[in-house]
Number of protein chains: 2
Amino acid sequence: MTTSSVDQQIRSRLGDAGVRYTTGRQRVTSALVASDGPRSAAELQTQLGSAIPLSSLYRSLAVMASAGVLAPHHGSQGVTRYELAEWLSGHHHHLVCIDCGSVDDIELPDALEATLHELVDTVADEGHFVALGHALEVEGRCKACK
Amino acid sequence: MTTSSVDQQIRSRLGDAGVRYTTGRQRVTSALVASDGPRSAAELQTQLGSAIPLSSLYRSLAVMASAGVLAPHHGSQGVTRYELAEWLSGHHHHLVCIDCGSVDDIELPDALEATLHELVDTVADEGHFVALGHALEVEGRCKACK
DNA sequence: CAAGAATCGAGAACGATTCTCATTTTCAAT
DNA sequence: ATTGAAAATGAGAATCGTTCTCGATTCTTG
């Protein structure tokens with residue numbers, strides 16, 4: 001199996017930050033690439049068959065997040081879920097299940113995304129701050145809870 | 001000082017849920033009414049002069065949230081902040097500081113809010129789920145961190 | 001191969017939150 | 001007003017996600 005393009009981008013970015021892309025970390029990112037939404041440390045550990053101890057897992061997630069490869073998402077019960085950063089996975093938004101707390105990615109059609117972006121810039125201008133990013137969270141029920 | 005309209009709405013809603021609106025809880029909600037963004041249990045305790053033990057404070061926040069009077073907001077470091085529910089305070093969005101994690105309320109002009117609402121409905125239709133709410137989070141830096 | 005840097009693994013430590021339980025307060029019916 | 005049931009309180013222990021510590025291990029580079 002050939003190393004994917006995303007994998008090479010990650011390796012490059014981590015290298016620039018002096019962070020090693022070990023096999024354990026590759027397993028983490030490939031699990032996230034295969035996911036359709038953010039994953040918590042516990043979820044990843046299960047997904048990876050308990051192969052990685054929690055302490056290492058948390059450290060790797062933190063290191064890769066501060067290197068800009070992963071993006072954290074704070075959910076209910078104090079659980080932090082991670083997903084690929086936007087420059088790797090593309091800009092998208094989240095559907096948060098009000099029952100189980102799971103998070104699915106949703107994408108906005110380009111036209112709507114453009115509208116939203118303008119909207120955020122307008123708000124930022126009026127509030128005299130710089131918008132460095134934005135996230136739209138839609139609350140609903142996931143397929144499992146519907 | 002006359003009991004405010006919001007206070008009466010809260011009392012009524014809590015009463016319907018079989019939840020008592022004690023003086024301690026009134027102090028909590030009035031602190032939230034006076035706030036310009038969500039507040040954590042620790043922040044509220046400070047704001048209230050340590051008059052309410054944390055265990056009671058957490059319980060009151062949880063009870064009032066499940067009665068629909070307060071809305072939780074999950075931030076970094078596993079901290080949950082609460083604010084008045086939308087039917088009490090009006091619909092608004094959040095400016096989350098990427099440095100200190102503080103959250104300020106921001107309001108969208110009516111026209112933009114209408115646009116955003118349509119946008120969310122469109123996404124929900126296409127994804128075959130019901131949008132029960134939405135929250136736009138703009139990331140930036142608060143006044144203190146700017 | 002050797003030295004230094006980064007990572008790993010196991011367990012302890014931490015901090016926000018929740019739980020337990022005995023006591024106290026509130027509300028409603030009498 | 002009195003009383004009894006339901007709900008809330010306060011103090012502390014317990015829980016749980018996460019972070020830290022530290023000795024052992026694995027790169028990477030010369």
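Lettering of chains follows the sequences in order, A, B, ..., and the numbering in each one begins at 1.
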Checklist entry - Would the His134(B) and His94(A) ring centres measure less than 6.0 Å apart? => result no

Closer than 4.0 Å, any side-chain N/O of [X] to the OP1 or OP2 of [N]?
{"X": "Ser56(A)", "N": "dT7(C)", "answer": "no"}
{"X": "Tyr58(B)", "N": "dT18(C)", "answer": "no"}
{"X": "Ser60(A)", "N": "dC8(C)", "answer": "yes"}
{"X": "Arg25(B)", "N": "dA8(D)", "answer": "yes"}

Next on the checklist: Here's a test of your reading of the structure: between Ala51(A) and Arg20(B), which maps to the more 5' nucleotide of DNA chain C?
Outcome noted: Ala51(A)

Next on the checklist: Return whichever of Ser55(B) or Ile52(A) has its heavy-atom-nearest nucleotide of DNA chain C closer to the 5' end.
Outcome noted: Ile52(A)

Checklist entry - With respect to the side chain of Pro53(B), which nucleotide from dG9(C), dA8(D), dA11(D) is positioned closest? => result dA11(D)

Checklist entry - Nearest to the side chain of Thr22(B) - dT7(C), dA8(D), dT18(D)? => result dA8(D)

Next on the checklist: Tell me if a side-chain donor or acceptor on Ser56(A) pairs with a main-chain N or O of Ile52(A) at a distance below 3.5 Å.
Outcome noted: no

Checklist entry - Ignoring hydrogens and geometry, is there a side-chain-to-backbone donor-acceptor pair from Arg25(A) to Arg20(A) under 3.5 Å? => result yes

Checklist entry - Considering only heavy atoms, which members of residues 61-78 of chain B lie under 4.0 Å from some atom of DNA chain C? => result Gly78(B)

What is the distance, rounded to the nearest whole Å, between atom [atom1] of [X] and atom [atom2] of [N]?
{"X": "Leu14(B)", "N": "dA7(D)", "atom1": "CG", "atom2": "P", "value": "13 Å"}
{"X": "Gln45(B)", "N": "dT17(C)", "atom1": "CD", "atom2": "P", "value": "12 Å"}
{"X": "Arg39(A)", "N": "dT18(D)", "atom1": "CZ", "atom2": "C1'", "value": "20 Å"}
{"X": "Glu43(A)", "N": "dG17(D)", "atom1": "CD", "atom2": "P", "value": "11 Å"}
{"X": "Arg27(A)", "N": "dT7(C)", "atom1": "CZ", "atom2": "C1'", "value": "14 Å"}

Checklist entry - Going through the checks in order, is the side chain to side chain donor-acceptor pair (under 3.5 Å) test met by Tyr21(B) and Thr29(B)? => result CA-CA 10 Å; Tyr21(B) 196 33; Thr29(B) 56; 2.5 Å; yes

Checklist entry - What nucleic acid atoms does Thr80(A) come within less than 4.0 Å of, heavy atoms only: base, sugar-phosphate, or nothing? => result sugar-phosphate

Checklist entry - Distance only, no hydrogens: is a donor on one side chain within 3.5 Å (strictly under) of an acceptor on the other, for Arg81(A) and Ser40(A)? => result no

Checklist entry - Which residue, Glu83(B), Glu107(B), Glu86(B), forms the side-chain hydrogen bond (donor to acceptor under 3.5 Å, both in side chains) with His92(B)? => result Glu83(B)

Checklist entry - Is atom CG of Asp16(B) surrounded by more than 12 heavy atoms (other residues, nucleotides or ligands) closer than 6.0 Å? => result yes

